[in-house]
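Below: one structure, written as structure tokens.
Just so it is clear: chains get the letters A, B, ... in the order the sequence lines come, proteins before strands, and each one is counted from 1.
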Number of protein chains: 2
Amino acid sequence: MKDITSQQNKVLNCIQVYIKKTGFPPTRADICKELGFKSPNSAETHLRALEKKGFISIESGTSRGISIINPEIENEGDEYPIIGLVAAGSPTLATENVEKVFNCPQGFFGSNFDYFLRVRGLSMKDAGIMEDDLIAVKKTQDIKNGDIVIARIDDEVTVKYFHRHSPKIVHLQPANEDFSNIEVDLEHTELFIEGKSVGLIREN
Amino acid sequence: MKDITSQQNKVLNCIQVYIKKTGFPPTRADICKELGFKSPNSAETHLRALEKKGFISIESGTSRGISIINPEIENEGDEYPIIGLVAAGSPTLATENVEKVFNCPQGFFGSNFDYFLRVRGLSMKDAGIMEDDLIAVKKTQDIKNGDIVIARIDDEVTVKYFHRHSPKIVHLQPANEDFSNIEVDLEHTELFIEGKSVGLIREN
DNA sequence: AATAATACTGAATGTATATACAGTATAATG
DNA sequence: CATTATACTGTATATACATTCAGTATTATT
């Protein structure tokens, strides 16, 4: 999907909210009223841009002929496994650790992801990650400093902030002062990055 | 619900199918075309009958202003509004604060809920609730001590732990030592509980 | 037997709406 | 430096649409 400007996003949200509220799409004038535009052509040009980028379709010559294109509607009701972060020394992230499957629209967190990880412990407490939270994990090696990663050293899986300290040294930092920084020397220790966190779900 | 004639039922189905297919409701002429009527007034009178019986609502003077009234819409709605927790003194939780709608399977958090609240500030930091998180809010007055509630005092909306200290005194407790406890004397101050948190979503 | 509701055709009309055209202005791109 | 995309205001207009009025006919309800 092509990128969208903030104004175009406002218009898109406006359409969604309007449909949710009234049951039918807005006119150009309705959009202007909602967003404070003074000319119907302001709405018109935004609609054309959204259509060009594939977010909506417009039926020409038809009043309120706007419909939102949701390419993920067919794939709706995707099931993602919830994997338990079990005690150290176990072969985690394997199929046998699947707690259950969880129904969640794809692209729920903007980016795609692969599975949910059930969090154990409070080592990332100050990042707002609590015990039993579900982290949406995207399998990737594309990690930037400051990303929250799911890292494996030997058989132990851990969730930490990633910081490349030097070409050979990686720091895995907790977000809780009761836990200590893990310094990994890549020359002597094998570090495997399972992926990174792209979202979080908590059930109260 | 009153009984419906077979012709009226055809019209009702026609509307539903049309919306499903196009994303917006039909005009009188569209209905005629679908069902073989030769006068727009045929559709008009059926629509009036359906409105009178409570199956649809018609927005007067509005093209395609038909919406289907579905009493089970709360149970099958997949789209939930995200409401921004705006600055103090504003009439929050009103429709005009809807940021956008968020697609989420019903019963996502075990319990049903009504909307998402966008969190501002860090007053519940130690409960793992961070800025910009989305709290799934269930509108209810069924609150137990220790629940995370969305409370309103005058026009100010806040998210806090609920603790009934005595029959007339309620404590609204933050989860951040930088913030102070709010003691509410129900005899002198009006406290309205909007609902409670049943879940949380974070987009990284 | 009279009234009301249903089920249509057909024509007429005011207005709600899409949409083109004419401008102004800013930021990004090649 | 010309071009394209974005982001608007403002005016104008053909037409898409809701809606009323005038009929005809059939079937329930009182």
Side-chain angles (χ1 to χ4, degrees), chain A residues 1-69, chain B residues 1-69 99-100:
Chain A
M1 193 70 79
K2 289 198 189 109
D3 50 339
I4 194 170
T5 68
S6 81
Q7 283 303 92
Q8 286 164 7
N9 192 42
K10 270 188 195 167
V11 173
L12 187 58
N13 288 333
C14 169
I15 296 166
Q16 286 183 290
V17 169
Y18 193 99
I19 293 174
K20 173 83 179 175
K21 212 158 55 182
T22 67
F24 43 86
T27 64
R28 277 60 167 169
D30 291 331
I31 295 170
C32 289
K33 202 178 167 191
E34 292 287 328
L35 298 180
F37 301 152
K38 289 181 181 168
S39 169
N41 195 36
S42 302
E44 182 70 27
T45 48
H46 281 135
L47 291 175
R48 291 291 168 83
L50 285 167
E51 189 188 31
K52 202 174 170 187
K53 290 180 179 176
F55 290 95
I56 62 172
S57 76
I58 302 172
E59 191 72 17
S60 111
T62 304
S63 68
R64 303 176 188 273
I66 304 166
S67 58
I68 290 169
I69 294 170
Chain B
M1 193 70 75
K2 288 196 189 113
D3 51 340
I4 194 171
T5 69
S6 83
Q7 283 302 92
Q8 286 165 6
N9 193 42
K10 272 186 195 170
V11 173
L12 187 57
N13 288 334
C14 170
I15 296 167
Q16 285 181 295
V17 169
Y18 193 99
I19 292 174
K20 178 86 176 174
K21 210 160 55 180
T22 67
F24 42 85
T27 64
R28 276 59 166 171
D30 290 330
I31 295 170
C32 290
K33 202 177 166 188
E34 292 286 328
L35 299 180
F37 302 153
K38 290 180 181 170
S39 168
N41 195 37
S42 303
E44 182 71 29
T45 48
H46 282 135
L47 290 174
R48 290 290 168 82
L50 284 168
E51 189 188 30
K52 202 174 170 187
K53 290 179 179 176
F55 290 96
I56 62 171
S57 75
I58 302 172
E59 190 71 16
S60 113
T62 304
S63 67
R64 303 175 187 273
I66 305 166
S67 57
I68 291 169
I69 295 169
E99 276 183 29
K100 61 179 206 175

Should [X] be listed as having a side-chain N or O under 4.0 Å from OP1 or OP2 of [N]?
| X | N | result |
| --- | --- | --- |
| B:T5 | C:dA7 | yes |
| B:H46 | C:dT6 | no |
| A:Q7 | D:dT6 | no |
| B:K53 | C:dT6 | yes |
| B:T45 | C:dA7 | no |
| B:Q8 | C:dA5 | no |

Let me know the distance between [atom1] of [X] and [atom2] of [N], rounded to the nearest Å.
| X | N | atom1 | atom2 | answer |
| --- | --- | --- | --- | --- |
| A:I31 | D:dA7 | CD1 | P | 14 Å |
| A:L35 | D:dT9 | CG | P | 11 Å |
| A:F24 | C:dA16 | CZ | C1' | 13 Å |

*First locate atom CD1 of B:I56, then atom CD of B:Q16, and finally report the distance between them rounded to the nearest 0.5 Å.*
10.5 Å
*Inter- and intrachain pairs under side-chain hydrogen bond (donor to acceptor under 3.5 Å, both in side chains), touching residues 29-42 of chain A, at least two apart*: A:Y18-A:D30, A:T27-A:D30, A:D30-A:R64
_Quick one, A:I66 and A:R28 - any side-chain contact, counting heavy atoms below 4.5 Å?_
yes
*Taking the side chain as every heavy atom from C-beta outward, state whether B:F24 and A:E59 have any atom pair closer than 4.5 Å.*
yes
*Heavy-atom protein contacts under 4.0 Å, nucleotides 17-30 of chain D, coded B base, S sugar-phosphate only, - none*: SSBBBB--------
_Contact pattern, 5' to 3', of nucleotides 25-30 of chain C - B, S or - by protein heavy atom under 4.0 Å_ = ------
*Apply side chain to side chain contact (heavy atoms under 4.5 Å, CB included) to A:Q7 and list each qualifying residue two or more places apart in sequence or on a separate chain.*
A:T5, A:K10, A:F37, A:H46
*List for me each residue that meets side chain to side chain contact (heavy atoms under 4.5 Å, CB included) alongside B:I19, sequence neighbours excluded, and say none if there are none.*
B:I15, B:P25, B:I68
*Please report the C-alpha distance between B:I31 and B:L47 in whole Å, then the side-chain angles of each, then the deciding distance to 0.1 Å, and finally whether the side chain to side chain contact (heavy atoms under 4.5 Å, CB included) criterion is met.*
CA-CA 10 Å; B:I31 295 170; B:L47 290 174; 4.1 Å; yes
*Selection: residues 12-19 of chain B, any non-hydrogen atom under 4.0 Å of DNA chain C*: none
*Only stems of 3 or more consecutive Watson-Crick or G-U pairs count here, both distances under 3.5 Å; name the ones for DNA chain C, or none.*
C:3-30 with D:1-28
_My understanding is that only residues two or more places apart in sequence, or in another chain, count here; which of them pass side chain to side chain donor-acceptor pair (under 3.5 Å) with B:S67?_
B:S57
